[in-house]
Amino acid sequence: MDGGLGGNTVPTNTSDKSKVLDVKPLRTLVPLFPEPPEGPPFVCVPPNGPLPSGFSPFFPFSGQGSQSTPDLNQNCFNSTAVPLRSFRAEPPASGNGTHKHKSAGPSSVKKKAKRRKDSESVLTSLMNFNPGISLSERDDGNRELVESVLLRFDALRRKLSQMEDAKELHLGGLKRADLKAANMMLTKGVRTNMKKRIGVVPGVEIGDIFFFRMELSLVGLHFPSMAGIDYMAIKGEPESERVALSIVASGGYDDDDEDPDVLVYSGQGGSASRDKEASDQQLVRGNLALERSFHRGNEVRVIRGLKDHVHQMSKVYVYDGLYKIQESWMEKGKSGCNMFKYKLVRTPGQPAAFATWKSIQKWKQGLSSRVGLILPDLTSGAESTPVSLVNEVDDEKGPAYFTYSPTVKFPKSFKLVQPSYACNCHDACQPGNSNCSCIQKNRGDFPYIAYGVLACQKPMIYECGPSCPCIRNCKNRVIQSGLRSHFEVFKTRDRGWGLRSWDRIRAGTFICEYAGEVIDETKARQEGGDGGSGYVFHTNRLHESFKWNFETESTEDFDIPSPVIISSKNSGNVARFMNHSCSPNVFWQPVMYESNNEAFLHIAFFAKKHIPPMTELTFDYGIPQSDGTGADNNPAYGKKKCLCRSAKCRGYFY
DNA sequence: GTTTGATCAGAGCC
DNA sequence: CGGCTCTGATCAAA
């Protein structure tokens, strides 16, 4: 792959590599806003908080939705909200600062009981939020509702998980924040498509992915929390005529899958368990319903439960659309007992979903090559995972020349000097350890939960840095560990080059940081003006607010000491290819960590929601705000027509 | 180091 | 209310 590339393409020669990894500042810039060393932080305009005083909201930001659809952007939940921190502050015991959990002596039982009571009161307070969904919205959903329910479920799940990690909450002996969160959502009525139905579920799209069975339930795609077959009675017909609505094919019965459009599904029951021998399956419940659906010919929703190759142990559920049962029979299973089998065939004309997963698997194994592949790794090894360069739409051989650099370069004078906060943890930092100074810096919260998922947005996230003695894979080192997904820079139909991922991305997952050179306003204008490369990131733009955190957890302004502008025009990473969308699936969050007693600011991108593979990654570029110098409304950064095609498109972006 | 199996407490629904 | 079920986290074992 070294020939055929013109001068206007990605560097492929390895001689660039030293340059690639050279993080020395190119030049020295005067700080934009010199700040007193210990002064209160200068808080810049929030990308997702209330508008600062002095600005009146203009069209895209003024709440337009007045239906009962929960507008999570409105702070309507704050009235009854109990600040969570007040619970957290409750001492776990009569500690004198040291929080050892070793409880000896006669009081241990009491403590346990007290702890459970604490957990109950914490849960009760967590439940104190406004469901914000009308009865009819519970019955019938739409895209907005489905996304909102999933967003809110996961925010709660992350919250519970984080609290459990920190031992502030005990959910029975079992770590099942998913069940608890779903239980709370169902209790509060935060769900949609509750009305059972055959076929399409409004708001759920083919290709949508889920990480918990309860998510399927909350949006009405498949109700049972465990069972693989969902069914319902037809009005005016006897119960024995119940038809199948959906199945979850999780591979538990050794079904093979050659053709992605065909599924052989085993009936339920009969399998051996702890205190039961294997037995013949009976034509009852789900099996009977599938049999009825076979004869009636109704479509059945299929959810493919797949082994998640990103996290070997877990599973991911892919909604693969509608199928029809073509055949049913009985055969002897491995145990020698009778099993029902159903052959389902996918209704033609539906967008690819599971098939895409299969293709990607083949690309990864090298069994079939990616169509339109220009470069297997445009980073030339600068990242730990390859980034493919692909063009399936025209003849362009690559984006304009730039140097791939995986991180951001600060000019010398722009280092953000702070007192050291390095921790003293010698293994990995443990959530709930109030002695860890990195956790203290994060206001007592461990910023990440299992799988490195961001728990919630914060004014600033502090990661452990080189000055911390904790181990390299301490859970508080996420963004510094580099890319986690196999990305692909691809040519879009009408928006130049874009970014997407071969791997599914779970909500809260770190995507990449915005790499490039930190520049000043003057330089930014030049870059924006000289043909509108658009490869510039600003921290101080106005962004449409959105609610990502748990219900009553406020979304605060970012705590960025002074506005930062990063240019990725000449050097940058995959972030420079992320296009704008008015309904983005990615958001940014400032993150700091120390290096040589200096803290550096990083702009980190995280997934807002679960993102299926091959879905374009986009974030909201925001709108230049008035800075009082008059340099705002005549956007030197050029107003561009927005092609994001989302229902909430503002029509343009900068 | 990886991957699989066994175990266990669950959730909603019928 | 009890039984049913293609869960999901954890730990032991291969």
Side-chain angles (χ1 to χ4, degrees), chain A residues 153-154 156-157 160-161 164-165 170-191 193-196 210-234 238-257 263-276 278-279 281-290 300-320 333-335 339-342 344 449-451 453 473 506:
Chain A
F153 161 77
D154 207 54
L156 176 54
R157 196 205 115 245
L160 295 175
S161 195
E164 197 177 38
D165 286 348
H170 287 259
L171 305 173
L174 229 47
K175 293 192 89 178
R176 291 297 299 265
D178 60 318
L179 292 182
K180 195 69 211 171
N183 174 282
M184 289 164 76
M185 299 293 275
L186 293 171
T187 307
K188 295 288 286 189
V190 183
R191 58 186 303 184
N193 292 316
M194 230 174 135
K195 196 176 76 192
K196 286 200 166 192
F210 306 86
F211 289 85
F212 296 97
R213 285 288 300 264
M214 294 311 290
E215 290 179 318
L216 306 177
S217 195
L218 286 168
V219 299
L221 188 60
H222 182 92
F223 285 88
S225 54
M226 293 182 80
I229 306 165
D230 196 5
Y231 50 92
M232 79 172 188
I234 300 289
E239 289 214 335
S240 58
E241 287 297 314
R242 287 183 293 212
V243 296
L245 305 175
S246 53
I247 57 171
V248 179
S250 286
Y253 290 85
D254 284 331
D255 308 313
D256 64 290
D257 46 359
L263 171 66
V264 175
Y265 188 79
S266 304
Q268 62 188 191
S271 41
S273 68
R274 182 172 167 68
D275 37 27
K276 243 189 341 191
S279 57
Q281 291 186 343
Q282 305 298 310
L283 195 59
V284 294
R285 284 187 279 273
N287 301 345
L288 182 58
L290 283 171
V300 176
R301 298 185 292 270
V302 168
I303 299 105
R304 303 266 193 168
L306 312 174
K307 192 163 129 176
D308 185 354
H309 289 280
V310 182
H311 304 127
Q312 293 289 0
M313 285 321 352
S314 54
K315 234 180 226 169
V316 56
Y317 298 96
V318 181
Y319 176 46
D320 201 33
K334 272 183 187 160
S335 60
M339 300 182 79
F340 291 99
K341 293 278 182 177
Y342 303 90
L344 293 99
I449 57 169
Y451 303 130
V453 167
N473 55 351
R506 196 175 179 143

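In the text below, chain A, chain B and the rest are named by the order of the sequence lines, each starting its count at 1. Just so you know, these numbers use all the heavy atoms, side chains as well, and skip hydrogens, waters and symmetry mates.
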Query raised in the report: If you pin A:S314 and A:G228 to their nearest nucleotides in DNA chain C, which one's is more 5'?
Result: A:G228
**Report entry** Phosphate OP1/OP2 of C:dG8: any A:K175 side-chain N/O under 4.0 Å
**Finding:** no
**Report entry** Cationic tip of A:R157 above A:F212 ring, under 6.0 Å, 45° of axis
**Finding:** no
Requested in this report: Please state how far atom CG in A:L174 lies from atom P in C:dG8, giving the value in whole angstrom units.
Outcome: 12 Å
Query raised in the report: Between C:dG8 atom P and A:K180 atom NZ, what is the distance in whole Å?
Result: 17 Å
Report task. For the pair A:D165 and A:K175, find out whether any cationic side-chain nitrogen is under 4.0 Å from an anionic carboxylate oxygen. Result -> yes
Requested in this report: Figure out the CD/P separation between A:E164 and C:dT10, and round it to whole Å.
Outcome: 8 Å
Requested in this report: Please report the C-alpha distance between A:L288 and A:R242 in whole Å, then the side-chain angles of each, then the deciding distance to 0.1 Å, and finally whether the side chain to side chain contact (heavy atoms under 4.5 Å, CB included) criterion is met.
Outcome: CA-CA 8 Å; A:L288 182 58; A:R242 287 183 293 212; over 6 Å; no
Query raised in the report: Of all the choices, B:dA11, C:dT5, C:dT10, which nucleotide is nearest to the side chain of A:S225 once you look at every atom?
Result: B:dA11
Query raised in the report: Are the ring of A:Y231 and the base ring of B:dC14 both nearer than 5.5 Å at their centres and tilted by less than 30°?
Result: no
Query raised in the report: Any idea which of B:dC13, B:dG12, C:dG8 is nearest the A:D178 side chain?
Result: C:dG8
Query raised in the report: Base, sugar-phosphate, or nothing for A:K307, non-hydrogen atoms under 4.0 angstrom?
Result: sugar-phosphate
Report summary line: Scanning all shown strands, the Watson-Crick or wobble mate of C:dC4 with both distances under 3.5 Å is B:dG12
Query raised in the report: Quick one: CD1 on A:I247 to CZ on A:R301, what's the gap to the nearest 0.5 Å?
Result: 11.0 Å
Requested in this report: Take the protein atom CZ of A:R157 and the nucleotide atom C1' of C:dG8, then report the distance between them rounded to whole Å.
Outcome: 11 Å
Requested in this report: Tell me whether the OP1 or OP2 atom of C:dG8 has a side-chain N or O from A:K315 closer than 4.0 Å.
Outcome: no
Report task. Verify the contact: side-chain N or O of A:Q312 to OP1 or OP2 of B:dT2, cut-off strictly under 4.0 Å; return yes or no. Result -> no
Query raised in the report: Could a donor-acceptor pair under 3.5 angstrom be found where the side chain of A:R285 meets the base of C:dT5?
Result: no
Report summary line: Among the nucleotides C:dT10, C:dA9, B:dG12, whichever has the atom closest to the side chain of A:M313 is C:dT10
**Report entry** Closest nucleotide among B:dC14, B:dA9, C:dC6 to the A:S250 side chain
**Finding:** C:dC6
Report task. Look at the side-chain N and O atoms of A:Q268 and state whether any lies under 4.0 Å from the OP1 or OP2 oxygen of C:dC6. Result -> yes
Report task. Can you tell me the distance, in whole Å, between the CE atom of A:M226 and the P atom of C:dC4? Result -> 13 Å
Query raised in the report: Judged by atom type as modelled, is there a donor-acceptor pair below 3.5 Å linking the side chain of A:N287 to the main-chain atoms of A:Q282?
Result: yes
Query - Closest listed nucleotide, where the reference is the side chain of A:R242 and the choices are B:dT4, B:dC14, C:dC4 - result: B:dC14
Query raised in the report: Is A:D154 salt-bridged to A:R506, cutoff N-O under 4.0 Å?
Result: no
Requested in this report: Just call it for A:R213: base, sugar-phosphate, or nothing, with non-hydrogen atoms closer than 4.0 Å on any strand.
Outcome: sugar-phosphate
Query raised in the report: Should A:M232 and A:L245 count as side-chain neighbours, where that means a heavy-atom distance under 4.5 Å?
Result: yes
Report summary line: Ranking A:R176 and A:S217 by the position along DNA chain B of their nearest nucleotide, the one closer to 5' is A:R176
Query - Nearest-neighbour nucleotide for the A:S266 side chain, B:dG12, B:dC13, C:dC6 considered - result: C:dC6
Query raised in the report: What is the nucleic acid contact for A:I229, judged by heavy atoms within less than 4.0 Å: base, sugar-phosphate only, or nothing?
Result: nothing
Query raised in the report: Between atom CG in A:D230 and atom C1' in C:dC4, what is the gap in whole Å?
Result: 14 Å
**Report entry** Minimum-distance nucleotide (side-chain atoms of A:Y265 versus C:dT5, C:dC6, C:dA9)
**Finding:** C:dC6
Report task. Return the value, rounded to whole Å, for the distance between atom CG of A:L216 and atom C1' of C:dT5. Result -> 15 Å
Requested in this report: Return no unless some side-chain N or O of A:Y317 is found under 4.0 Å from OP1 or OP2 of C:dT7.
Outcome: yes
Query raised in the report: How long is the line joining NE2 of A:H311 and C1' of B:dT4, in whole Å?
Result: 19 Å
